[in-house]
Structure formats: C-alpha cells, structure tokens
Enquirer: 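What follows is a structure written as structure tokens; I'll ask about it next.
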There are 2 protein chains.
Amino acid sequence: MTITTNPTGTAANDRRSRGGDRREQILDVALQLFAQHGMAQVSTRQIAQAVGISQPSLYAHFASAHEISAELCLRAFAGLAEASRRVLAEPASPREHFYRLGRAYIDFGLTHPDMYRLAFMQETDPAVAKLVQQGNDPVLAAGQGAFDMLREVLARVLGRSTEEIEIQAQSIWASVHGLTSLLIARPMFPWADREALIAHHLEAVCALYQPDADPR
Amino acid sequence: MTITTNPTGTAANDRRSRGGDRREQILDVALQLFAQHGMAQVSTRQIAQAVGISQPSLYAHFASAHEISAELCLRAFAGLAEASRRVLAEPASPREHFYRLGRAYIDFGLTHPDMYRLAFMQETDPAVAKLVQQGNDPVLAAGQGAFDMLREVLARVLGRSTEEIEIQAQSIWASVHGLTSLLIARPMFPWADREALIAHHLEAVCALYQPDADPR
DNA sequence: AATTGCAACCTATCATAGATAGCCTATCAC
DNA sequence: GTGATAGGCTATCTATGATAGGTTGCAATT
C-alpha cells in the first residue's frame, strides 16, 4: 500500500503522470464540481478528494479556497471580454452593437452563474477586502473590466459628447445586471417567457440611449 | 454562583424580568448585531452571548439560524409595504406615484442591505428550498409581496389594457433591483454621485412606461 | 556518487460554524 | 405538595477552512 487512496483508480498520483500542472487539474476539477453542485455546496475536501490529494495539499497551490474561485472567475470573465470583442468586430449599427453586447452580458451571467455571483452579487468578505484595497483581487478586476467595456461602447453609441456618460453607463449596467442577477438568484420566481423578457428588457434599455432618438 | 454569566451585568436572566418575549429580545439583539457587523459576520454564539443565554438555547425559540434572519427579513419587508402604501396614499400623478415607489424601493434596499440581500441576492440553500416548495419561507413571501405591489402600481399607471404587463413589470423590477443590488454589493465601485445616479435611473425607467408617451 | 535543497505531499490538529442530546430548575396548574 | 413544562444548561457532533510539522522523491550541486 505505497500508493495513496485515489478514487479514480488511475495512477494519477505518480508525480509525473499528469501532463499539465496540478494547479490546472485542481481548477478543472473545481470548475466541474461548481457547475455540478453549485459553488456554495462544494468544500475544499470534496475538491481534494476528486483530484486525489489531501485537503491541505490544496494550499500548496492556492493560498485560500477563495483563490480557487477567484482564478476561475477571472478566466470566465476573460471569456466575456473575448465574446464582447467578437460582437464589436462584427459590422453592425451602434444600436445593434449595444444590444448584442447586452445580450452577451446576460448570456454570460446565465452560463456562468457562480462566477457572476462572485463578481457582482456576493459580499466581499473582510479578508478579501484587504486584497481589494491593494488592487489585488482578480474577481474585482474582472468585474471592473466588464463594466469598462460597456462604457466604451456606450460612448461610441452616444457620441463622446455627453457630459453624463458616466451616470448613464452605470444606470445601463444596473439595468442589465438587474435582470441577469435576478434570473440567477431567483430561478423559481414565476418569470415570464425568458427569451421574451430578455428581449423586452434589452429593447427598453436600448431605446433610452439612442443618439437619433428614434425608438426603432 | 447560582446566576449564569451575563455580560451586561443586569438581572436579565431572571425568568420574568423582561417585559417582552425572549424571542423578541433575541430578534432585537440579532438585528442590532446584523446592522453593526453585517449578517454574514454574526454567529449564533455571538447572538446568544449578547442576549445572555447559551448558544443552544436559541434553538428553543428558533428552529435554525436561518429562521432568525428570515423573521427579521419578513418584518423589514413589512416596513417596505407600509412605506409603499404611504406613497400611494399621497395624492399624485401616476407617474409621480411610480417614481416615488421606485425611490422607496431603492431606499429600502440601502437602509436594510442585509434583508435585501436575503430576499433577492442570496442563494436559497437546499435546506431552505424545501420550505420554499411548501410555500413556508417568509423571506420568499416577503420578496414576492414587494414585487406584487410594484406590478399593481404599474397596472394603474399604464392602464390595465396592456397585454405584456407581466413582462414589463418584471423588466422594471429588474432595472430598479439592479441599481439597488449593485450599490449594496459593490459599495467600493467608483460610483457617480449616488443621488444623481438614482434620480437618473428612476427617470429613465419611468420615461419608458408612460401612457401619454411624454418623456416629461 | 553522495549531498543538499526544494516542491509536493502527507497526517494530525485547530478554531469556528451550526446543530443535537440529555439533564436541570423554576414556575404554574391542580 | 406534586407533576408538567418551558426555558435553560453543559457536553458533544459534524463540517468547514486553515495551519504545523514531518516525509518523500526528484534534481541540481559538489
């Protein structure tokens, strides 16, 4: 019995048997468990067991449990940034760009509810707040990044003239975030048809911020 | 040493010394601690100590820690309902009613962030989800109640004619919730002037749903 | 080839969380 | 008085994230 307990039965614990880093493997496993059971329901022990190592060993690769989530969150938001760039690369009217960007944002939230939660809905606990002040929290960085992109596009849509662009951008973000977060947080609410609701919501937001003031 | 340890030094533990119920006292103390340190940072042991009883004794009055929060949440939302009724009792145009209702909603969220979190932002954990299915969760009831009120007012503002009133109501709720929840969840974000932002946001939402189509 | 160094891993353990078991006691109804 | 009971207690359980300190095996140095 020289080998450690490994539920998969594979020789995963041979020091060199894995191509990638252990860190990567942990992230993969964690992401899968998060998607399967929800982030709040997954413990470090579960992750460790699924990887095939002991729970304390996780701390050799991550400083804390939060760091695992944060890393995954960062990567997820990189995906949103990528998707947004694709939207803007496609030729379309400013209004259409704006609409599709909102759509991409909502879709992202619904596809990665745990990551979205982490970025915009969850309480930043005191321990993490210290990192934030040093500008070191990847989650917050990801969140900010997403907003910055929205603001830029809004500036393009409205023309850079507007004085209140910051307020407008924040208001729009709030609206889009509102639907996204509610759909995530209260899936059991008697929602109207989801597609129709999202479409209406985005139409409404877009209608408000047209330079040509033509509500379609 | 026949008397139990009581940090306050008062005779609070004499069985009959308190006018109100123990349950009420616990709720009072818990609310105060929540407001002071944030709900997530307050443990049942802290509450018990502040009350002057042992931690397990709490379970004689509440079935779980969640029940304490839920009860407080329910009461807080009763306050929102009350405030909303006051708004509607005041004579004003439908638009003004609508605006003030949104304002009351946002103010409520900012005044009771923990309760708002519980109702609309937090994950309903599996244990609680069972209660929800039985329709027994006071938090969810409170949340639903708040939305129902909004929908009624919207119906009055738009006239009952509209087919899509459900979608519109949900969209509006999402927008107002969006700003409320973001201000709660990300207080450190470089927000524009809060008053101006809220005003703009509500103006924008109101402008969209005018029966007379006059954007002021 | 032997030694040193280090990264990755282990077991054992901590503190804190919510929650339960089982006993004690003061009051109240009779 | 006597018994029931509400409210309380201590002791304990399970699960959480996290730390301490020892062990192992590869690799680079000597």
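First the proteins, then the strands, lettered A, B, ... as listed; each starts at 1.
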Enquirer: Without decimals, in angstroms, what is the distance between B:I68 CD1 and C:dG18 P?
Expert: 9 Å

Enquirer: Over how many whole Å does the gap from A:F62 atom CZ to C:dC9 atom C1' extend?
Expert: 16 Å

Enquirer: Would you say B:S84's side chain and B:L80's backbone share a donor-acceptor pair under 3.5 angstrom?
Expert: yes

Enquirer: How many Å lie between CD on A:Q25 and C1' on C:dA8, as a whole number?
Expert: 13 Å

Enquirer: Classify B:A60 by what it touches in the nucleic acid, base, sugar-phosphate, or nothing, heavy-atom distance under 4.0 Å.
Expert: nothing

Enquirer: If you only use heavy atoms from C-beta on, which nucleotide in D:dT10, C:dG18, D:dT19 is closest to the side chain of B:T44?
Expert: C:dG18

Enquirer: Check for a donor-acceptor pair, side chain of B:T180 on one end and backbone N or O of B:V176 on the other, with a separation under 3.5 Å.
Expert: yes

Enquirer: Is B:R22 near enough to D:dA6 that one of its side-chain N or O atoms lies under 4.0 angstrom from OP1 or OP2?
Expert: no

Enquirer: Would you kindly give the CD-to-C1' distance between A:Q55 and D:dT14, to the nearest whole Å?
Expert: 15 Å

Enquirer: It should be established whether B:S43 places a side-chain nitrogen or oxygen under 4.0 Å from OP1 or OP2 of nucleotide C:dA17.
Expert: yes

Enquirer: Rounded to the Å, how far apart are B:Y59 OH and D:dC9 P?
Expert: 14 Å

Enquirer: Determine yes or no for a side-chain-to-main-chain donor-acceptor pair under 3.5 angstrom, with A:Q46 supplying the side chain and A:S43 the backbone.
Expert: yes

Enquirer: Hey, is the side chain of B:S57 poking within less than 4.0 Å of OP1 or OP2 on D:dG7, counting only N and O atoms?
Expert: no

Enquirer: Is it the case that C:dG18 (base atoms only) and B:R45 (side chain only) share a donor and an acceptor within less than 3.5 Å, ignoring hydrogens and angles?
Expert: yes

Enquirer: Is there a donor-acceptor pair under 3.5 Å between the side chain of B:H201 and the backbone N or O of B:G178?
Expert: no

Enquirer: Can you check the B:I53 CD1 to D:dT10 P distance for me, whole Å?
Expert: 12 Å

Enquirer: By nearest heavy atom, map B:Q46 and B:A63 onto DNA chain C; which one lands nearer the 5' end?
Expert: B:Q46

Enquirer: Return the value, rounded to whole Å, for the distance between atom CE of A:M39 and atom P of D:dT16.
Expert: 15 Å

Enquirer: Keeping B:D193 on the side-chain end and B:A196 on the backbone end, is there a donor-acceptor pair under 3.5 Å?
Expert: yes

Enquirer: To the nearest Å, give me how far apart CD1 (B:I47) and C1' (C:dT16) are.
Expert: 15 Å

Enquirer: Looking at A:H61, I'd like to know whether one of its side-chain N or O atoms comes within less than 4.0 Å of OP1 or OP2 on C:dA7.
Expert: no

